[in-house]
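Letters A, B, ... mirror the listed sequences (proteins, then strands); counts begin at 1. What's counted below: heavy atoms across the whole structure, side chains too, no hydrogens, waters or symmetry copies.
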Protein chains: 2
Amino acid sequence: MNANIYWNIYNDYAEKIQNGGIPAGAKIPSESELAETYGASRETVRKALGLLSQNGYIHKVKGKGSFVLDLGRMKFPITGLISFKEMSEKMGRKSRTLVHKTERVPASRVIAGHLDIQQGATVWEVIRSREIEGERVILDKDYFLPERVELLTPEIAGNSIYDYLEHTLNLSISYAKKEISVEPATPEDRALLDLNNLSHVVVVRNYVYLEDTTLFQYTESRHRLDKFQFVDFARRVR
Amino acid sequence: MNANIYWNIYNDYAEKIQNGGIPAGAKIPSESELAETYGASRETVRKALGLLSQNGYIHKVKGKGSFVLDLGRMKFPITGLISFKEMSEKMGRKSRTLVHKTERVPASRVIAGHLDIQQGATVWEVIRSREIEGERVILDKDYFLPERVELLTPEIAGNSIYDYLEHTLNLSISYAKKEISVEPATPEDRALLDLNNLSHVVVVRNYVYLEDTTLFQYTESRHRLDKFQFVDFARRVR
DNA sequence: AAGTGGTCTAGACCACTCT
DNA sequence: GAGTGGTCTAGACCACTTA
C-alpha cells in the first residue's frame with residue numbers, strides 16, 4: 001500500500017516489537033547498520049525510527065542507541081484515529097454492533113453547529129450501539145455531510161464505516177480533533193445503553209477532516225462510565 | 001535554549017499562528033521560499049513544517065502548499081505534557097493550589113506497583129488540590145523516586161514542580177504515558193474536593209519517564225466529573 | 001509548464017557515551 | 001578513539017495541482 005522505504009522499515013520494526021520479536025529494553029541496530037541492511041540512506045532510516053519513537057515503540061538515546069519500550073503492548077483504543085472495529089479486533093473481545101438508524105435527516109441546531117453548516121441542511125445520521133461481552137456500553141452517533149457520502153446503508157453501518165469511506169469512496173481522512181468530557185446521561189442513552197443506574201456518560205466528540213481541510217464528519221461516542229478508558233503516549237517537545 | 005535552525009522556523013510560525021498573525025486558512029510560504037528566507041536547506045524547513053503539522057498548526061497539501069489550521073487556539077489542558085500551572089495561566093482563570101502533604105513515606109502496595117519498586121521503599125508523596133474559581137475541583141497525588149529528587153518543600157509544591165525538576169534539578173523529562181478512566185470517589189476525594197454529591201471522579205494516571213528510560217514519577221490527577229475536559233489532536237498515520 | 005510538497009541520497013560536522 | 005544519534009546540506013526525482 002505504501003511502498004516507501006521508510007515505511008517498510010517502520011512496519012518491520014513496529015511488528016517485531018508488537019509481537020515480542022524484540023523484547024522491551026533491547027537495543028535495535030544502529031542507524032548506520034540499518035541503512036546498510038536496508039540499502040537506504042541514514043536519513044531515510046532516521047525517518048522510520050522517528051516514527052517508531054513518536055508512536056511509543058522505541059526510545060533514542062544520543063551516544064548509545066535506540067531501545068525498545070514497554071508501552072507498545074498496552075496501546076489502547078481511542079488514541080490516534082482508530083475505529084471501533086479495529087479496536088475490538090485488536091483486543092480480541094466479543095463485540096457486536098447494533099444499528100438503530102441510518103437516515104438522511106435535517107440537521108438540528110446543535111449538529112449544524114458542530115458541522116459548521118446551516119441548520120436544517122441534510123446530513124446522514126447513523127446511530128449505533130456497541131455491545132461488548134453482552135452489555136451495550138457505547139453509543140455512537142455519527143453525522144456525515146451528504147456531499148461527500150452519497151449512500152449509506154444499515155449493512156455498511158454494521159461493518160466499518162471507515163473501511164467504506166476510505167476504500168470504497170476513496171475519501172482520505174487527514175486529521176481529527178477529539179474532546180473528552182463527562183455529561184449527564186440523556187433518555188436516549190438510557191434507552192440504548194445498559195447504564196445500570198449510572199447518572200453520567202463519558203462523551204467523546206470527534207471532528208474528522210479530509211485532505212482538503214473540510215470538516216465532513218462529526219461523531220459523538222457516548223461511553224458507560226465504568227467501561228471507558230483512554231490511553232495516551234506523549235513525548236516532550238524536542 | 002535550542003539554537004537549531006528548524007527550531008527557529010518552527011517557533012516563528014507557531015507563534016505567528018497562535019497570536020493570529022497569520023489567519024486560519026491562509027497559505028504560508030512554500031518550502032523553497034522558506035529555505036531561502038532562512039538561509040536553510042529545504043529538508044531543514046521540512047523538519048520545521050513537519051512539527052507544525054504534527055502539532056495541529058498547519059496542514060500540508062501536495063501540489064498546493066501549507067495552510068494554517070483553526071485548531072491552535074482551542075488547544076487545551078492535558079494534551080501532551082503540560083502542567084497545571086502552564087494550563088491555568090494559558091486559560092487566564094483564577095486558580096489556587098492547596099498543598100496538603102509533602103513528605104517522604106514508605107510506598108504502599110499500589111503505589112509501589114505503579115512505580116515498579118519494592119513495597120515499603122521510600123517515595124516522595126505530594127498531595128495538592130487545585131481550586132478554580134473558588135471550587136476545589138482537582139486532586140493531584142504525586143509520587144517521586146527519592147533517588148532523583150532529594151528535596152521537596154511545600155513551597156516548591158505550591159509552585160510548579162515541573163519547573164523545579166527541569167530547571168533546578170536539571171532532570172530531563174522524556175516521555176509519559178497517560179491513562180484516563182472514571183472511578184468511584186474515595187473518602188479522600190470527598191474530603192479534599194468540592195464534589196457536590198457526584199459519585200465518581202475522572203482519574204488521570206500519569207507515568208513520567210526520564211531520558212534514560214527510567215520511570216521516576218507517578219501522578220494521579222483526580223478531577224470532578226463536570227469540570228473535566230481533554231482535547232486531542234490526531235493525524236492519520238502517514 | 002511551472003510550482004508545490006513527498007521521498008531519497010551521500011556526505012558532512014557535531015555532541016554524546018563507552019572503553 | 002570508536003560508535004552512536006542529532007543537525008544540516010545540495011541536489012535529485014517523483015506525484016500532484018494549477019494555469
Side-chain angles (χ1 to χ4, degrees), chain A residues 1-13 25-54 57-69 170-172 174-175 210-214 235-238, chain B residues 1-13 25-54 57-69 170-172 174-175 210-214 235-238:
Chain A
M1 161 157 287
N2 196 330
N4 302 323
I5 302 177
Y6 79 85
W7 190 253
N8 288 332
I9 305 177
Y10 171 77
N11 273 311
D12 280 5
Y13 275 86
K27 185 171 167 302
I28 68 174
S30 74
E31 296 178 349
S32 15
E33 285 180 86
L34 286 172
E36 197 164 0
T37 67
Y38 279 92
S41 73
R42 188 159 79 97
E43 279 295 354
T44 300
V45 170
R46 282 180 56 71
K47 192 164 180 177
L49 296 194
L51 272 181
L52 288 169
S53 164
Q54 239 174 59
Y57 287 106
I58 64 170
H59 184 234
K60 313 177 83 180
V61 185
K62 192 192 294 202
K64 296 178 82 170
S66 298
F67 303 86
V68 174
L69 288 181
N170 270 317
L171 287 179
S172 189
S174 170
Y175 57 93
L210 296 178
E211 285 292 356
D212 58 3
T213 326
T214 56
R235 299 208 89 88
R236 196 74 172 164
V237 211
R238 304 97 85 49
Chain B
M1 166 158 282
N2 195 331
N4 301 323
I5 301 176
Y6 79 86
W7 189 253
N8 287 333
I9 304 176
Y10 171 78
N11 273 312
D12 279 5
Y13 276 86
K27 186 170 165 301
I28 67 173
S30 74
E31 296 178 348
S32 15
E33 285 181 86
L34 286 173
E36 197 163 0
T37 67
Y38 280 92
S41 73
R42 188 159 78 97
E43 281 294 354
T44 299
V45 171
R46 283 179 56 71
K47 192 162 180 180
L49 296 194
L51 272 180
L52 288 168
S53 163
Q54 240 173 57
Y57 288 106
I58 65 169
H59 183 235
K60 312 176 83 181
V61 184
K62 192 192 295 202
K64 296 179 80 172
S66 298
F67 302 87
V68 174
L69 288 180
N170 270 318
L171 287 179
S172 188
S174 169
Y175 57 94
L210 296 177
E211 285 292 355
D212 59 4
T213 326
T214 56
R235 298 207 88 87
R236 196 73 173 164
V237 210
R238 297 104 82 52

Legend entry - Contact pattern, 5' to 3', of nucleotides 11-19 of chain D - B, S or - by protein heavy atom under 4.0 Å: -B--BBSS-

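Nucleotides of DNA chain D nearest to B:Gly39 and A:Glu33 differ in position, and the one nearer the 5' end is that of A:Glu33.
Side-chain contact check for B:Ile9 versus B:Val45: some heavy-atom pair is nearer than 4.5 Å. Residues A:Ile28 and A:Leu49 form a side-chain contact, since some pair of their non-hydrogen atoms from C-beta on lies under 4.5 Å apart. Between A:Lys60 and A:Arg46 there is a side-chain heavy-atom pair separated by less than 4.5 Å.
At D:dC8, none of the side-chain N or O atoms of B:Lys47 fall inside 4.0 Å of OP1 or OP2 (strictly under the cut-off). Taking only side-chain nitrogens and oxygens, B:Thr44 comes nearer than 4.0 Å to OP1 or OP2 of D:dT9. Between A:Ser30 and D:dT4 there is a side-chain polar atom (N or O) within less than 4.0 angstrom of OP1 or OP2.
The aromatic rings of B:Tyr10 and B:Tyr57 sit perpendicular, their planes meeting at an angle over 60°, well past the 30° parallel limit.
B:Lys27 has its NZ atom 12 Å from the P atom of C:dG3, to the nearest Å. Per the geometry, CZ belonging to A:Arg46 stands 14 Å off C1' belonging to D:dT9, to the nearest Å. A:Lys60 places its NZ atom 17 Å from the P atom of C:dC16, with the value rounded to the nearest Å. B:His59 places its NE2 atom 18 Å from the P atom of C:dT4, with the value rounded to the nearest Å. Residue B:Asn4 contributes atom CG, which lies 11 Å from atom P of C:dA15 at whole-angstrom precision. Here the C1' atom of nucleotide C:dT7 and the OH atom of A:Tyr38 are 17 Å apart, to the nearest Å.
Residue contacts shown for B:Ile5 are limited to sugar-phosphate atoms, with no base heavy atom under 4.0 Å away.
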